[in-house]
Amino acid sequence: MSLTAQSAAKAGGTAPSVKTLKNLVRGDRPYVLYAAFAVLIVAFSFASPVFFSSSNFLNIGRQTALVTIIAVGMTFVIIAGEIDLSVASTLALSGMSAALAIQQSGGNWALGAAAGLATGALVGLVNGLLTTLLAIPSFLVTLGMLGIARGIALMLTGTTPVVVNSLTFWDSFGEGAILGVPAPIVITIVVIALGAYVLHFSTFGRRVFATGGNATAARYSGINTRRTKTLAFVITGALAGLAGLILTARAHAARPDIAAGLELDVIAAVILGGTSLFGGRGAILGTVLGSLMIGVLNNGLTLMGVSSQAQLVVKGAIIIAAVAFSRRK
Amino acid sequence: MSLTAQSAAKAGGTAPSVKTLKNLVRGDRPYVLYAAFAVLIVAFSFASPVFFSSSNFLNIGRQTALVTIIAVGMTFVIIAGEIDLSVASTLALSGMSAALAIQQSGGNWALGAAAGLATGALVGLVNGLLTTLLAIPSFLVTLGMLGIARGIALMLTGTTPVVVNSLTFWDSFGEGAILGVPAPIVITIVVIALGAYVLHFSTFGRRVFATGGNATAARYSGINTRRTKTLAFVITGALAGLAGLILTARAHAARPDIAAGLELDVIAAVILGGTSLFGGRGAILGTVLGSLMIGVLNNGLTLMGVSSQAQLVVKGAIIIAAVAFSRRK
Amino acid sequence: GCSSGTASSTESAPTIDPASVEPKGLVGLGPNGEKPALPSDVSLTAEQAAKVRAGNFKVGISMQTMDIDFAKVQTTVLKKTFEENGVQVIGITDAQWKAEKQIGDLENLIQQKPDGILGVPVDDVATAAAFSKVGKSGMKLVMIDQVPKGLKYPTDYQSSVQADGKGNGQVAAEMLASRIPDGGTMGLVNFGNDIFATNERTKGAKEWLAKNRPDIKVKETAFSDPAKAGQVGGDFVTANPDIKGLWVVWDAPALEVISALRGQGANIPVATIDLGQQLTAESAQGADIVGVGAQRLTDQAKAEANAMMLSLIGEKAPSYIAAPALAVTKSNLTDSFKIVFDSPAPADIVNACKNTSGCK
Amino acid sequence: MSGDQPSQAPTPPAPAERLVEVSGLRKTYGTVQALRGVEFELAPGEVHALLGENGAGKSTLIKVLAGVESSDAGTLKIFGEEKSFRSPAESRAAGLAVVYQELSQVPSLTVAANIFLGREPRTAFGAVKQSEIMSRTKAFLAEYGFPLDPRAVVGDLPFAYRQMTEIAKALMSNVRVLVLDEPTSALSEGEEEVLFDAVRKVTARGVGVIYVTHRLGEVFKLSQRVTVFRDGLRVGTYPTSDMDMKSLVSAIIGPRTMAAEVADAVQGHGPKQDHVQRATGSVPALAMSGVGDQRLRGVDLEVQSGEIMGLAGVIGSGRTEILETVFGLRRPRQGQLQIHGQPFKPAGPVDAIRAGVGLVPEDRHGQGLVMDDSIERNIALPRLKPLTRLGFFSRKGAAERSHAAMKELSIKAQNRKTVVGTLSGGNQQKVVFGKWREPRCELLLLDEPTVGVDVGAREEIYGVIRQAAASGTAVLVVSSDLSELLLLCQRITIVRDGRTIRTIHRDEVDSEEALHHLVHTSSPVTPGVPS
Ligand SMILES: Nc1ncnc2c1ncn2[C@@H]1O[C@H](COP(=O)(O)OP(=O)(O)OP(=O)(O)O)[C@@H](O)[C@H]1O
Ligand SMILES: Nc1ncnc2c1ncn2[C@@H]1O[C@H](COP(=O)(O)OP(=O)(O)OP(=O)(O)O)[C@@H](O)[C@H]1O
Ligand SMILES: [Mg+2]
Ligand SMILES: [Mg+2]
């Protein structure tokens with residue numbers, strides 16, 4: 001008895017900070033996934049002369065920004081034991097609401113940003129309240145919301161895109177750069193840092209893990225699991241709204257039919273990063289890795305000139321292989 | 001104590017068939033969902049003069065056939081605690097393989113049908129083996145397969161559709177009719193009956209429920225949970241193949257890019273029908289109801305002339321409302 | 001991070017006279033090789049119009065999608081024209097780009113027993129059997145944009161109305177070619193799936209280049225998911241720094257590509273097909289959109305309505321009506337907008353245009 | 001035989017100050033009346049044992065106290081103040097801490113995180129003070145002598161350690177009332193003592209403890225007063241000093257003819273009939289020789305058909321692993337297994353079951369039952385094949401099977417369709433047992449077979465075990481309850497550190513103390529604090 005307990009104690013006893021760090025990075029999946037990622041990078045660097053360059057890495061960062069930002073929120077929702085299928089529609093609706101606010105206010109970009117974020121958070125709130133108060137599976141609630149938010153986005157202007165004419169808005173969320181790093185990437189990094197802090201270091205993060213790990217136990221420990229879940233949905237909604245701002249700023253306009261199907265990429269990034277679909281386990285950095293991995297695959301294969309059909313096959317196979325190896329003992 | 005046990009035995013003894021029937025129909029969700037369904041039908045009958053007619057009901061049957069057939073298989077997979085995101089791609093690949101087989105063999109429709117079903121079952125087998133042997137989450141395996149199967153389907157002919165010229169094939173799976181009931185509906189009914197039998201009356205069905213309910217307990221009871229899960233995937237794959245045959249027969253051709261996104265409709269039908277995403281609970285007839293409900297909504301709203309954007313909103317809201325009410329005590 | 005060496009910017013670019021680019025007449029032939037009629041060739045006489053009004057006809061429309069400007073203009077103009085002539089539109093369905101959904105949509109429309117159906121097929125193969133049911137149910141059928149394989153005129157359908165896809169592809173390529181130096185490289189961003197309408201555009205572009213600018217090296221890529229066109233187009237340029245101009249198969253993916261290029265800091269001119277609202281705005285705001293091969297949506301939709309009404313009263317409509325390509329540059333932006341949308345360009349486009357040199 | 005139950009005994013005058021006072025409490029689940037108007041009170045500094053048969057309503061009362069369930073009628077006073085908890089948070093805030101019978105932990109979190117769940121100390125920025133949690137947990141575990149690693153992930157721990165974590169969590173909160181619902185069901189004597197010490201420490205501070213158990217020995221070791229429930233009603237409350245084992249048992253199981261018999265048995269007179277038909281030199285039903293893997297380091301034992309053999313040892317000694325190896329859940333690296341003289345290499349439970357082996361696992365939630373399924377479905381599980389006719393699952397056969405099992409094991413449930421998740425703990429255990437009832441197993445492996453089972457039912461289960469043995473089944477029992485081993489087994493094998501140390505005959509030990517001594521003597525390991 002004491003043998004196992006002691007050896008366990010020894011293993012744990014060494015360095016708490018290292019452990020915490022490891023936990024942060026690891027989620028469910030061991031380091032092999034990181035190795036797989038490294039292998040991919042090396043392979044693409046050989047396969048394509050332009051892959052390994054800072055400008056291409058910025059490209060990848062920009063291309064994955066939307067998915068990464070929303071996936072940070074989705075990590076909260078999935079760890080809490082729920083799912084959000086409505087993020088792509090929320091993104092579109094938030095973008096439209098931001099663009100309309102800017103248009104109506106004659107170019108008030110801050111108002112637009114606030115409107116976009118608020119819209120996203122509101123959709124998340126509705127998702128959360130319906131899921132927790134009515135005890136409906138979030139799969140169905142957010143599937144319904146996927147249609148509702150998209151429908152509203154389309155009806156707002158009768159499917160017409162809304163053009164945004166605000167240089168400040170374009171710059172803040174789209175084309176601006178800080179120290180050469182484009183705004184969307186800066187925003188993504190901030191979101192990752194905040195997300196990791198809240199999930200892994202704050203009490204709210206604890207509650208999220210506990211709620212998804214065992215909702216009954218969490219409730220018995222005095223945790224308001226409904227509020228916890230609802231907040232996770234609100235975070236995700238607001239981040240989808242933020243993604244909507246970025247997309248709108250980059251395109252100089254909001255289109256109501258944008259980003260359809262993005263939810264699958266987002267969920268894939270989260271799961272690939274080691275978060276369990278059944279809740280209770282996961283990590284923000286894993287999610288970031290998952291998103292980057294998909295991004296690197298898309299980018300690398302395109303640079304290599306692989307046809308879009310073959311890309312589907314190769315990407316599918318690499319995802320399965322990477323996870324398979326990382327699951328091996 | 002023995003009193004309760006005896007009265008229970010008596011209660012069970014009197015009318016086992018009624019009880020069984022209830023169980024079959026109910027799944028997780030009480031009867032309110034049925035009421036909601038009935039209300040919808042009445043509402044649409046008033047709203048549109050052409051809704052309540054046998055020919056329109058045949059339309060609904062034809063339009064929901066694909067989703068219903070695959071959803072029957074998906075019910076097995078989800079009850080067993082897994083998920084299959086690759087069904088739409090499997091459908092497309094199976095359709096292509098059937099069409100190519102018919103084309104290459106100079107019109108041998110039976111060979112085509114066999115090729116289609118075998119392709120579907122094979123994809124399911126690969127999904128099942130990867131999930132169970134490598135212990136990878138089926139979400140990732142089948143997400144990978146979603147890309148792989150679709151990519152292969154597209155590459156088979158370089159994205160060109162394959163025309164099928166076999167009257168027998170068209171009739172058997174598409175346009176033929178038995179006693180005025182179109183072939184796709186006949187096939188759907190057979191699939192439902194077989195599916196309900198296997199899930200609710202066969203030993204294999206028991207294994208599926210136990211595996212999803214508590215895989216460890218099932219294993220400790222001597223159930224080969226891997227084989228059970230794998231078989232569930234094979235069933236789903238084969239049914240996706242069957243759906244591919246129907247779609248190919250109806251369209252007189254196979255398109256490699258067909259049915260993209262269908263997996264969400266299929267999973268929605270299953271969950272709406274009361275099957276739990278976390279496994280262990282569900283019913284075939286619930287799934288059928290879920291599929292029909294979505295089909296009736298699509299059909300009824302279209303007949304009423306509701307715009308496609310508004311349809312998104314109304315459908316989303318009705319799905320949430322129906323489930324919300326049926327969850328109320 | 002400007003990786004491409006393109007020196008030319010909007011200001012220094014040679015100005016193109018759009019009129020000179022527009023092909024004289026129609027480039028493509030009909031689905032069965034027939035010579036096309038022009039939209040102006042189909043109109044109703046007063047007598048025919050009266051007959052239509054007396055018929056109390058009902059029609060249904062099956063769209064491939066409702067989410068693009070094309071669909072919006074089409075349905076608006078169709079509804080307006082039908083209304084003016086006393087024809088009732090009983091339903092507009094949205095196939096959401098899914099062939100399997102359109103099959104069901106057509107069944108639903110037929111269920112409502114209209115006198116005629118107009119349809120934009122999602123594809124030309126998988127929806128063929130479903131469209132052939134329209135005629136079999138005794139209804140008139142007008143095909144928009146393409147005719148599914150195997151359908152026969154005039155038994156299965158009574159007319160087909162299209163934009164000159166090949167012509168549009170050619171127009172866009174020709175305008176873009178003016179910016180490609182001798183021996184330079186042009187990139188084509190195609191659609192990865194086999195769709196008649198987009199195939200025609202690519203064909204039109206390649207045929208024109210082969211014939212008129214054989215010096216230009218053509219590189220191609222393709223996307224399967226329009227939402228990912230930005231990533232594909234952006235990476236395509238990264239991998240092929242010699243590309244001096246991008247031709248994108250339609251406006252929505254072109255917008256994605258433009259936004260990706262902007263992010264990458266790559267100043268590469270773009271040409272595309274379809275003059276959507278947002279693309280117009282982008283161009284007005286100064287984005288380097290060399291040219292657009294636009295569909296004359298309003299003319300086309302009127303022709304569709306007229307062809308349907310002629311068929312409804314038993315007159316013969318031409319088997320193939322094609323709307324010629326409209327070449328759009330900044331210099332005729334607002335006018336073109338009016339031609340396409342049948343309404344003046346919105347204020348913000350007009351204003352943006354004022355601040356952009358060469359924009360009218 | 002049944003007359004001397006002390007239910008008429010007057011309730012002793014309650015102490016002036018009361019921490020908890022419950023009166024007329026009622027609770028129904030659907031048609032089940034779990035509580036039919038019970039009374040209960042708790043004084044400061046006392047350990048008040050709450051006893052009763054399975055399904056008597058003990059856990060239900062506790063759930064009401066904890067704010068998990070709301071009562072239908074009756075009053076609840078805490079420190080003289082009338083309360084009605086609407087959530088566990090409210091109950092906690094009022095100073096109650098509860099160890100639930102069915103553990104309520106987050107398996108993916110560490111021991112320390114679970115202990116501090118819901119009341120993490122935090123910085124001004126809302127960050128959890130990780131190091132403080134660790135150090136406080138460590139200090140606490142050391143003070144109370146809990147052999148737990150604060151960093152271990154709870155889901156990876158053996159059941160007993162999880163139970164210990166749960167206890168530590170309750171003790172560590174600043175409580176005035178501590179409620180323990182069968183906290184020792186998975187602990188063996190050594191660990192039990194750790195808990196008892198802890199309980200004594202907190203009662204010395206004036207904390208009142210409600211202690212639910214089916215191990216009646218503990219009542220006498222720990223409690224000052226006893227309250228007995230039966231069928232949702234209080235039978236009576238007595239000072240422990242007024243009671244003996246016999247009166248306690250009859251208070252619990254009521255006026256039944258067998259009450260005296262059970263009491264006798266509980267007091268420990270060993271197996272009544274030693275009917276081992278052990279023809280000397282016959283082939284043993286199970287033989288293990290030199291079996292080892294990562295955890296097992298040499299297991300040698302033989303069990304004869306018709307024999308009940310016990311495995312004794314402390315937690316983690318590897319008893320469960322021995323059973324798991326026989327059941328095909330572990331692959332031995334070395335050594336051999338034989339069943340009836342035939343070499344036996346099960347690739348999994350499927351093979352084991354085919355060879356006539358059955359296992360009642362220690363964790364009924366995780367391993368024994370599909371909690372959302374009915375009694376009938378659970379009982380049918382290991383016998384799906386025999387219940388199948390031409391691919392058709394025989395519902396009739398399954399119904400008969402579950403009906404018979406419910407009767408034989410006195411499973412208290414409305415009917416065979418009752419979802420096992422809604423059964424009381426002991427009745428759930430009986431369902432696990434019922435899975436292997438029929439057809440008779442050649443070899444029955446029992447891991448803590450009577451965890452949470454009441455005295456009466458325990459005797460019924462013993463009867464079933466003995467009957468199985470009598471009809472030729474070889475039985476291998478793991479139990480942390482040494483008296484249970486002494487009652488049941490003809491021979492007992494001592495396991496330590498993954499090794500079988502020695503095998504003794506029942507006659508060689510005359511008391512529980514003697515066996516305890518044997519299990520622990522020269523044991524190099526004593527429960528200690530991890531470094
Ligand atoms: N959620 C529930 N739904 C339905 N019945 C329930 C539920 N919980 C408890 N019961 C029933 O209430 C009665 C009392 O159960 P309780 O758990 O209080 O018993 P207990 O005294 O704790 O038994 P044990 O000693 O076996 O743990 C039992 O008949 C049980 O089946
Ligand atoms: N450190 C560990 N990590 C993961 N699982 C363990 C660990 N130690 C034990 N287990 C598992 O926990 C279960 C119980 O193990 P344990 O060591 O408690 O067995 P035991 O000696 O039979 O003790 P007892 O039966 O008294 O609990 C077994 O399935 C074992 O494989
Ligand atoms: Mg209990
Ligand atoms: Mg054990």
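Quick note on labels: first sequence line is chain A, next is B, and so on, each numbered from 1.
When all heavy atoms of A/R281 and D/S108 are compared, the closest pair comes out as CG-CB, 3.8 Å. Contact record, A/G222 with D/R92: N-CD, 4.1 Å, taken as the closest heavy-atom pair. Closest non-hydrogen pair, D/V106 versus A/F209, comes out as CG1-O, 4.0 Å. Pairing each heavy atom of A/H200 with each of D/Q130, the nearest pair is O-NE2, 4.2 Å.
Contacts between D/A66 and chain A at a heavy-atom distance below 4.5 Å are absent for every atom of the residue. Contacts between D/I115 and chain A at a heavy-atom distance below 4.5 Å are absent for every atom of the residue. In this structure, chain A has heavy atoms under 4.5 Å from both the backbone and the side chain of D/L117. Neither the backbone nor the side chain of D/F116 comes within contact range of chain A; no heavy atoms are under 4.5 Å apart. In this structure, chain A has a heavy atom under 4.5 Å from the side chain of D/K169, while its backbone stays farther away. A/F204 does not touch chain D: none of its heavy atoms, backbone or side chain, sits under 4.5 Å away.
Counting heavy-atom pairs under 4.5 Å between each of D/A93, D/S91, D/G126, D/G118 and chain A puts D/G126 at the top. The candidate with the highest count of non-hydrogen atom pairs below 4.5 Å against chain D, out of A/G213, A/A215, A/S221, A/G280, is A/S221. Ranked by heavy-atom pairs under 4.5 Å with chain A, the first of D/L109, D/V68, D/N114 is D/V68.
Considering only heavy atoms from C-beta on, D/R122 stays 4.5 Å or farther from A/S202 through its side chain.
Applying the side-chain hydrogen bond (donor to acceptor under 3.5 Å, both in side chains) rule to D/E90 yields the partners D/R86; only residues at least two apart in sequence or on another chain are considered.
Taking CD from D/Q105 and OG1 from A/T216, the interatomic distance works out to 12.5 Å, rounded to the nearest 0.5 Å.
Side chain of D/S104 to backbone of A/Y220: no donor-acceptor contact under 3.5 angstrom is found.
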